[in-house]
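Sequence lines set the chain letters: A, B, ... in the order given, protein chains first and strands last, and positions in each chain run from 1. Quick caveat: nothing in here was measured; it's all calculated off a predicted structure.
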Number of protein chains: 2
Amino acid sequence: MQRRTSKVSDAVIRRLPRYHRYLEELVRDGIKRISSKELSRRIGFTASQIRQDFNCFGGFGQQGYGYNVELLYNEIKKILGLNERYNTIIVGAGNLGQAIANYTNFRKRGFEVKALFDINPKLIGLSIRGIEILDIDKMGEFVRDNDVKIAILCTPRENAQQVAETLVEYGIKSIWNFAPIDLDLPNDVIVENAHLSDSLYVLSYRMAEREKENKEK
Amino acid sequence: MQRRTSKVSDAVIRRLPRYHRYLEELVRDGIKRISSKELSRRIGFTASQIRQDFNCFGGFGQQGYGYNVELLYNEIKKILGLNERYNTIIVGAGNLGQAIANYTNFRKRGFEVKALFDINPKLIGLSIRGIEILDIDKMGEFVRDNDVKIAILCTPRENAQQVAETLVEYGIKSIWNFAPIDLDLPNDVIVENAHLSDSLYVLSYRMAEREKENKEK
DNA sequence: ATATAATCGTTAAAAAATTAACATAGATTA
DNA sequence: TAATCTATGTTAATTTTTTAACGATTATAT
Ligand SMILES: NC(=O)c1ccc[n+]([C@@H]2O[C@H](COP(=O)([O-])OP(=O)(O)OC[C@H]3O[C@@H](n4cnc5c(N)ncnc54)[C@H](O)[C@@H]3O)[C@@H](O)[C@H]2O)c1
Ligand SMILES: NC(=O)c1ccc[n+]([C@@H]2O[C@H](COP(=O)([O-])OP(=O)(O)OC[C@H]3O[C@@H](n4cnc5c(N)ncnc54)[C@H](O)[C@@H]3O)[C@@H](O)[C@H]2O)c1
């Protein structure tokens, strides 16, 4: 058993959602137990790494047996905070903001979008799946009154920093940021970036790399 | 000067879009030269790491002077393959597919969406910014005739694997995947995942972690 | 019930990534 | 023009991450 005061590395943390995904599949398929070896075969990490990773959080397995799928799944869920429910708001009700509001899976996982906010008068008053688009002026009050834990930032790059600062003023401590910019905020604010263009550029890097290799032959 | 045959590590590659972003900002601001030290201050990597990273691709700087911003920016662009243009298609014209089709920045960067494909008859025939939503049956022909280089996969998880296999059959070699699944495809197919829920779960991990720390105090 | 096999948790080794050090090329200044 | 300073490219050291090894424990088979 590991002391939990030791900081878990980012590399491990970013693998957790993947474990979660595969374990969910195992649960769905009715599989009751799994060894690190078999999980390794499926997920593509080494068995050693899998055991190391799980042991950052405590021993969930049993020697000679392996891991109980259901138990492990629930542990990973707890570690990821997916046993909690979080009220969220989406700031910027454009293409992406609306797409996310429409996505029902996040609510199923405990992330409930309580409102969208925008400055565009044409959008204000509309609803998406029953979730209202409100005037940005109402945001402070709304955050105070609705126990909002996460803000999903979907405004254009140009004003994302300023909007983020406003959010922090209103007491928001966690931001899921889609604007292609690195927000500069107080240290106690958790920011997780979903930089889609970064991901696309990595794809195009790989393509350019392959192109070059082909030419060399 | 480095031999370019040596494989560049994934860690380096995933930092490149960030360099690109910051250099673009410098260009925008009319800044002509920059040292690794100053770039470090802005971007948050160590100066040493920045120099190491750039040197994976060749020496773009000058001792005693630093880096010419414009030159470095253009080099990074080339390395990322952003000097090329790519025809793309979006498969699955739902929330996310439409949001991406509506996003004009990708086209500005050289990624042109030529069509969307769906199975839903209600969507087929509609257009998004002049880009048609076509029947999935037309996809093979379209891919052949339009020099499509990238497929953006936005179908539900359940059929993403099957759709991806069809894409590969049609000759697609690069997939930008938004479905929350790890696609199992031949090795010569480049897959870049944009697993949004993974990113959200990391955010919720951080929140749970903070919660725990607060309790311990 | 005992032996055998499976597989974890953990420690050790190896590999990879990051940071630091520094010699040197070139810019700048006097 | 010479002297000084700056900041790269590169090599070396350090740190982190990953992989391998293995003793201990439990399941399973005989
Ligand atoms: N759509 C995509 O596929 C995509 C891809 C990569 C990155 N992004 C990024 O995600 C963000 C949103 O993209 P999008 O396509 O939805 O853009 P969008 O233009 O469709 O939507 C932005 C919305 O933000 C609103 N807005 C502007 N300023 C605001 C403010 N101060 N407060 C509240 N709302 C404000 C606008 O009225 C608009 O409705 C952008 O930063 C974009 O760069 C989007
Ligand atoms: N919207 C989000 O915010 C979000 C967030 C995270 C992940 N995702 C993932 O992105 C993908 C798309 O999400 P979405 O919200 O746009 O879903 P969606 O249901 O709005 O759209 C999916 C579209 O795919 C089409 N489709 C289904 N089967 C198809 C097939 N075989 N060929 C072609 N088209 C087909 C459907 O008709 C539908 O229009 C899903 O895998 C989802 O899990 C979405």
List the residues meeting salt bridge (Lys or Arg N to Asp or Glu O under 4.0 Å) with [X], not counting sequence neighbours, and say none if there are none.
X      : result
B:E211 : none
B:D184 : none
A:R206 : A:E209, B:D10
B:K173 : B:D188

Rounded to whole Å, how long is the line connecting atom [atom1] of [X] with atom [atom2] of [N]?
X     : N      : atom1 : atom2 : answer
A:K37 : D:dC22 : NZ    : P     : 17 Å
A:Y67 : C:dT7  : OH    : P     : 11 Å
A:F57 : C:dG9  : CZ    : P     : 14 Å
B:R41 : D:dA7  : CZ    : P     : 13 Å
B:Q49 : D:dA12 : CD    : P     : 20 Å
A:E38 : C:dC8  : CD    : C1'   : 16 Å
A:I50 : C:dT7  : CD1   : C1'   : 13 Å
A:N68 : D:dA27 : CG    : P     : 12 Å

Picking from [options], which would you name as closest to the side chain of [X]?
X     : options               : value
B:S36 : D:dT8, C:dC8, D:dT18  : D:dT8
A:Q63 : D:dT25, C:dT19, D:dG9 : D:dT25
A:N55 : D:dT8, C:dT10, D:dA24 : C:dT10

Inset, instruction - Hey, could you give me each pair passing side chain to side chain donor-acceptor pair (under 3.5 Å) that has a residue in residues 81-97 of chain A? Not counting sequence neighbours. - result: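 Non-adjacent pairs meeting side chain to side chain donor-acceptor pair (under 3.5 Å): A:N95-B:N102.
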Inset, instruction - Would you mind classifying the nucleic acid contact of A:F45 as base, sugar-phosphate or nothing, using non-hydrogen atoms under 4.0 angstrom? - result: nothing
Inset, instruction - Using a 4.0 Å heavy-atom cut-off across all strands, classify B:F54 as base, sugar-phosphate, or nothing. - result: nothing
Legend entry - 5' precedence on DNA chain D between B:R51 and A:D10 (nearest-nucleotide basis): B:R51
Inset, instruction - Hey, which sits more toward the 5' end of DNA chain D by its nearest nucleotide, A:Q62 or A:S9? - result: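 Whichever sits nearer the 5' end wins; that is A:S9.
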Inset, instruction - Going by the salt bridge (charged side-chain N to carboxylate O under 4.0 Å, His left out) test, name the single residue among A:R109, A:R14, A:R21 that passes it with B:D198. - result: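 In the set A:R109, A:R14, A:R21, the residue that makes a salt bridge (charged side-chain N to carboxylate O under 4.0 Å, His left out) with B:D198 is A:R21.
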For nucleotides 11-13 of chain C, tabulate all protein N/O to nucleotide N/O atom pairs closer than 3.5 Å, reporting atom names and distance.
unit_1	atom_1	unit_2	atom_2	d
C:dT11	O4	A:Q52	NE2	2.9

Legend entry - Residue pairs involving residues 41-59 of chain B (criterion salt bridge (charged side-chain N to carboxylate O under 4.0 Å, His left out); sequence neighbours excluded):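 Those involving residues 41-59 of chain B are B:R15-B:D53, B:E38-B:R41, B:E38-B:R42.
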Inset, instruction - With a 4.0 Å heavy-atom cut-off, tell me which residues in residues 17-34 of chain B come close to DNA chain D, sorted by residue number. - result: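 Close to the strand are B:R33.
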In a table with atom names and distances, give each donor-acceptor pair under 3.5 Å that connects a side chain of residues 59-68 of chain B to protein atoms at least two apart or in another chain.
unit_1	atom_1	unit_2	atom_2	d
B:N68	OD1	B:E70	N	3.0
B:N68	OD1	B:L71	N	2.9

Legend entry - Audit row: B:T166, B:Q162, side-chain hydrogen bond (donor to acceptor under 3.5 Å, both in side chains) steps and yes/no: CA-CA 6 Å; B:T166 308; B:Q162 184 258 302; 3.2 Å; yes
Legend entry - B:R107, CZ: over 12 other non-hydrogen atoms inside 6.0 angstrom: no
